[in-house]
Amino acid sequence: MFHQTALKSVTLVILLLGLGAYVQTGGYYGRELVIEACILAMLALSVDVVAGYGGMISMCHGALLGAAAYAFAAMTALLGWPPSLSFVIAIVASTLLATAIGAVSSRTQGIFFIMATLAFGQMVYVMIFDAPMLGGDDGMAGVKRLNLDLVGINFKKSAPFAFACIALLALSYGLAALMLRSGFGRTLSGVKANEDRLRALGVRVWWVKARAFGFSGLLAGIAGVMAAQHTQFVSPELLLWTLSGEALVVVILGGLGTLVGPLVGAIALVFVKHEISSVTHYWHLFIGIALILTVLAGGRGLYGQFEYVVTRARRRRAKDHA
Amino acid sequence: MLDVRHLNKRFGSLAVTQDVNLSVARGERRLILGPNGAGKTTLFNLLVGELASDSGEIHLDGERVDRLGVDARARLGLARSYQKNNLFDALSVAENLALAVTAARGLSSNPWRDTHRDASVQEDVERVAAQVGLEARLHHTVSDTAYGERRQLEVGMALASGPKLLMMDEPTSGVGPAMIDGFRQLLQSLPTDLTILIVEHDMDFALDLADRITVLNYGEVVFEGTPSEARESALVREIYLGADDA
Ligand SMILES: Nc1ncnc2c1ncn2[C@@H]1O[C@H](COP(=O)(O)OP(=O)(O)OP(=O)(O)O)[C@@H](O)[C@H]1O
Ligand SMILES: [Mg+2]
């Protein structure tokens, strides 16, 4: 079950402050990296909620992100709707879409669940790709950013936008933590541990899964809307299943079922990718090796391993005192 | 309150439940006896819906339930404990019981509040823990507890869901005499309007507590009667004692 431990809180605060400091000191390129890391972290966080706490490995979260990005793009660029309204509608849409996907996929188990989510993700891809007014292969330009002139923030500049991404990442984490420690979140952990037993206790397991999926779609939707605003351009690449795969890799690298891990993984991936890709084109190889090492080392991930070591040391010290 | 009519179940060519009829009154304590492999656990699985029957009907309080899912039947008041421990091993005893209590009270889907900490939930958790003798183990992780304690929790989980019909599958299998005594006291302390189906191998223990007894053999009901009738019955003695290797 989820507990917002002191270790989690401290790590979270350090990460967010670190990102904030980098926005101030890292220059334009640094801000771009921070934005990229925050968006990937939000997506990974949403994947961890279902995979790490609900035992549902999803291969459609890229498509959920992409769907929200496209919805936001279509409303602001094609329909000329205000970005704030479009923001809300886009994340409501991704929430509902995710709930529906979760409701159907939850009728399956294990590998079939993964395949079902993959199939739904591909359906979303095809539907958006084939819709003529959404630009097909070319994508869609002219996406608007939120207009915060009223409160004196120029969102077109990269620093305020980067700070907004950090704030939304913090908000997403807070929402996820709140949900996971609620009665519903506890039930979700129970579903992961032993869903048959919960069913025998009277829990509608499929509906728990569907709602958890929907909540996770909300977080992926926030990431999607920020992604669309970031480049002010959307393309079918946002919907590719490989993005879902990348999110899973990030979660595993950082620590599945730790909630802080996905942030660690996303930040590490974005910055390491940046460093290595300036030296060699084979950065995928390094990520691959890191992933294999993580799995061989017990699969706890960067943050997961850290948490494990700290908790063990603390327990040992308590034992010595006793 | 429970009415089973012409229930059948086969696994391939093996008939594990054959034309079983069973009528249990409210508040009755019904003992199910039978040798290993007689189909006792299968009958429980059919009643709660973990297995689908091939034919026949199950009625609970006049409502037909055999086409309902496991969770829907549980919400109607059917709860069971398992012959093989079926718990949340990574969670504490208290967390296990709280999952059962919140599910039974419709508090398991609240996304805002930690309903496990509700005073009323905690109260129920502690009450059930005391009933099954686990009050001192509440905060131990299940995987760190002894086998016997897990058997107690297994019964606690079923109790915590506040059932109308409590079904226990060999609750005392593999535990020592002290625990069997505790269990006897627990059964006597349960409300008299709670209907109980219990599968038990320990014949003396079970005969004491039962109002009526049903004996299964090769999936068939071969005897039904009171404990004293069962003691008198040559058939029961032959089947049960003859095949009893427990
Ligand atoms: N899922 C299954 N598939 C095939 N055969 C099964 C299955 N479950 C049970 N059986 C068989 O059905 C018969 C009845 O099994 P069941 O577990 O109901 O017996 P039981 O009366 O509970 O026995 P015990 O006293 O050993 O617990 C056995 O022969 C068993 O091997
Ligand atoms: Mg059995």
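Throughout, a chain's letter reflects where its sequence line sits, starting with A, and its residues are numbered from 1.
- Proximity to chain B (any heavy atom under 4.5 Å) is shown, for A/L180, by neither the backbone nor the side chain.
- Of the two parts of A/V203, the backbone and the side chain both hold a non-hydrogen atom closer than 4.5 Å to a non-hydrogen atom of chain B.
- Chain A forms more heavy-atom pairs under 4.5 Å with one residue of B/L87, B/L78, B/N96 than with any other, namely B/L87.
- Stacking of B/R80 on the aromatic ring of B/F44 is not recorded, the 6.0 Å distance cut-off and the 45° axial limit not both being met.
- When A/M1, A/R204, A/R181 are compared by the number of non-hydrogen pairs under 4.5 Å with chain B, A/R204 comes out ahead.
- Rounding to the nearest 0.5 Å gives a distance of 10.0 Å between CD1 of B/I198 and CG of B/L33.
- Salt-bridge annotation for B/D124 and B/R105: present, with a side-chain N of the basic residue lying under 4.0 Å from a carboxylate O of the acidic one.
- Within the cation-pi definition used here (under 6.0 Å to the ring centroid, within 45° of the axis), A/R211 does not qualify as a partner of A/F215.
- Heavy-atom distances place the side chain of B/L91, and not its backbone, under 4.5 Å from chain A.
- The candidate from B/N86, B/V121, B/T115 with the greatest count of non-hydrogen atom pairs under 4.5 Å with chain A is B/N86.
- For the side-chain contact (heavy atoms from CB on, under 4.5 Å) with A/P262, the qualifying choice from A/L256, A/L253, A/D48 is A/D48, the only one to do so.
- Residue B/V70 touches chain A through both its backbone and its side chain, counting heavy-atom pairs closer than 4.5 Å.
- In terms of heavy-atom proximity, A/C165 sits nearest to A/C38 at CB-CB, 3.7 Å.
- Between chain A and the options B/G49, B/A160, B/A98, B/A103, the largest number of non-hydrogen pairs under 4.5 Å is found for B/A103.
- With a 4.5 angstrom heavy-atom cutoff, B/L76 does not touch chain A via any of its atoms.
- Side-chain N or O atoms of B/D61 include none that pairs as donor or acceptor with a backbone N or O of B/E63 at under 3.5 Å.
- The parts of B/A100 that come within reach of chain A are both its backbone and its side chain, each placing non-hydrogen atoms under 4.5 angstrom from that chain.
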